[in-house]
Amino acid sequence: MFRGFRWQLLALLAALVVFGFSLTSRNTADMPSGVVPTSTATEAAGDTTPEPTVESLPTAMPQVITAESPTNIPTYREGLIGGVSRLNPLFADLNPVDRDISSLIFEGLTRINQYGEPVPNLAKSWVTSTDGLDYIFQLRDDILWQDGIAFGPADVTYTIGLLQSPDFPGDPALGKFWQTVEVQQLDDHHIRFRLTQPLGRFLDAVSVGILPEHALRGTTASTIASHPINLSPIGTGPYQLEAVRTDDSGQVRVVDLRAAPVFRQRVEGGTGYEVERISFHLYDVFDEALDGLKSGEIDGLAGRDRTENNTLLSLSGVNVHTAFQPTLGALIFNWASDQTAFFREQRVRQALQIGLDRAPIIQRVLGSEAVQADSPLFPGSWAYDGDVVWPRVDVAAAIQLLDTARWNKSSDTTSESAVGTRFSFKILTPDDPKLVALAQEIAGQWSQLNIGVSVETVDRNSYEERLNSSAFDASLVELAMGNSADPDVYQFWDADQYPDGKNYGGVDDRRIAEELERARSDYNGLNRAIRYRQFQQDFVGRAIAIPLYYPLFVYATKPRLEGVQIGYLNSPSSRFITIEDWKVNFQ
């Protein structure tokens, strides 16, 4: 009677063996050479304390599984650039490779669907108090960890406790946030969170992956980074670790995930998930992964920047999937400096807005790498308003606005710096050829308004320093949402986020600030959508900054992989949101 479940029983037995080994071999030895990925973490704007990177944390010896696996099952092979450090959701954001793999192993109380909305996951439902401070989650009672142990509230309180600890060695911003939240187990099925102030994006925050308390009992925040479970993960997600394979030098080259038997027992796992195995092949550089895609060694590869995206877009014999990155390319003004006081005048900003024909510039310079942006929010999000009215280009009207604009010229030292011009300023840009070309074309168009505009190009490190210290007149920036699916852009445009936040230009507009603060504090999704619609309309109407483009995420897959669809992308790992519908065609 168990013949049809033979491999599932074997996989479960293997998982129990690995789990037993991890409990008896808490090894804090150094990781073998090659298991050291690069980190995408950077120092927070205005914060002198560097964020941790995978290189700065102690590591654990990986448990390498070398048993042969069946080859006649539906397998999808994807290339990743970098190495494995910790398959742990609390550290995954420090390393893109860890993030991609962990997203398939672990789950949070909520998950983000393909429309960017938080929906139930490990939590069955939740209720919110009328003041928006208390959230009570009812946990599901049909969830098992991949070692067969039942999921429960202790797992949630333990995970959040690690994040709240002063010794948490991960992203300090993540720890700082959770230190403001009170968590309490009410009974065997309910968890209560209490916030210090209403926060509409809290349902996005609880999508963080939950760890198994029973497998980590006694492990503290100060020692979690070196625990063996980081490379022998036990989650509740649709896939579990099957094998970690190394080359002759001991470097991890392949990580195999297998559809988790305990997940298939759940309602959502009973159908779909025809991709039985996902085999991640790790490469040192993009060109090696590209060769693997061309040769058929792998079936899929995602671009990480514009150069890689262009390469994938030009490939033949693949299906190319694109989505909007949660990043806004924009031109921002320095409102805070007296040297550019004219930017505080709304008519000046509106004149620059209608005196710029963005569409041909973006198409000419960025081509298929990006799409024109007409809003400070991101397409695909539930809060995005595609009907925002963008003013038409009108150079004559722009000149008239400048003629009637008022600002304190006595403090404007740049207005007399160019003979015959109204005022002058520089556009700061990093030494990226595409961005430099974009800035130069913008400067060329604005010169028609009798304004002196030049482009200042600096290396990337100097650019970051100048941006963080607001040492610029105007600047091209790419404002990224990190891994949050929530549309809260308070950090970029609220006056309180200057000078120690990411409001680099010191935007100070009371109406915009009030709209953002109300939207982010309202837990009612319908109300928030209304408030964000008004924010987008006022942002464009008041010319707070000039949205230029949304960069595209590019994902190339072989035709043998079918059913791939990419919805709202809050991080690159969101490409797996619809993996239950993917199929591998052996023909």
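Here the structure is a predicted model, which is why all the values come from computation and not from measurement.
Although no hydrogens or angles enter the test, the distance criterion places no donor-acceptor pair under 3.5 Å between the side chain of Asp256 and the main chain of Glu242. Ser295 contributes a side-chain N or O that, together with a main-chain N or O of Gly292, makes up a donor-acceptor pair within less than 3.5 Å.
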For residues 427-436, tabulate all N or O donor-acceptor pairs below 3.5 Å that involve a side-chain atom, not counting sequence neighbours.
from   : atom 1 : to     : atom 2 : distance (Å)
Asp432 : OD1    : Arg306 : NH2    : 3.2
Asp432 : OD1    : Lys434 : N      : 2.9
Asp432 : OD1    : Leu435 : N      : 3.4
Asp432 : OD2    : Arg306 : NH2    : 2.2
Lys434 : NZ     : Glu369 : OE2    : 2.4

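Atoms CD1 and CG, on Ile442 and Leu476 in that order, are 5.0 Å from each other to the nearest 0.5 Å. Summarising the geometry, atom CZ belonging to Phe286 is positioned 5.0 Å from atom CG belonging to Leu301; distances are rounded to the nearest 0.5 Å.
Every residue meeting the ring-ring contact (aromatic ring centres under 6.0 Å, His included) condition with Phe324, not counting sequence neighbours, appears here in chain and number order: Tyr550. Annotation: ring-ring contact (aromatic ring centres under 6.0 Å, His included) contacts of Tyr273 (sequence neighbours excluded): Phe263.
Between Tyr76 and Trp582, the ring planes lie perpendicular to each other; the angle is over 60°, past the 30° to 60° tilted range.
Between His214 and Asp147, the side chains place a donor N or O and an acceptor N or O closer than 3.5 Å (distance only, hydrogens not considered). Checked by atom type, the side-chain pair Asp486/Ser484 shows no donor-acceptor distance below 3.5 Å.
Enclosure of atom CD in Gln565 is not indicated, since only 12 or fewer non-hydrogen atoms of other residues, nucleotides or ligands lie within 6.0 angstrom.
For Glu78 and Arg575, the salt-bridge test passes: some basic side-chain N is under 4.0 Å from an acidic carboxylate O. By the 4.0 Å N-to-carboxylate-O rule, Arg253 lies close enough to Asp284 to be salt-bridged with it.
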Apply salt bridge (Lys or Arg N to Asp or Glu O under 4.0 Å) to Arg266 and Glu107, showing your working.
-> CA-CA 14 Å; Arg266 288 157 52 172; Glu107 298 176 294; 3.0 Å; yes
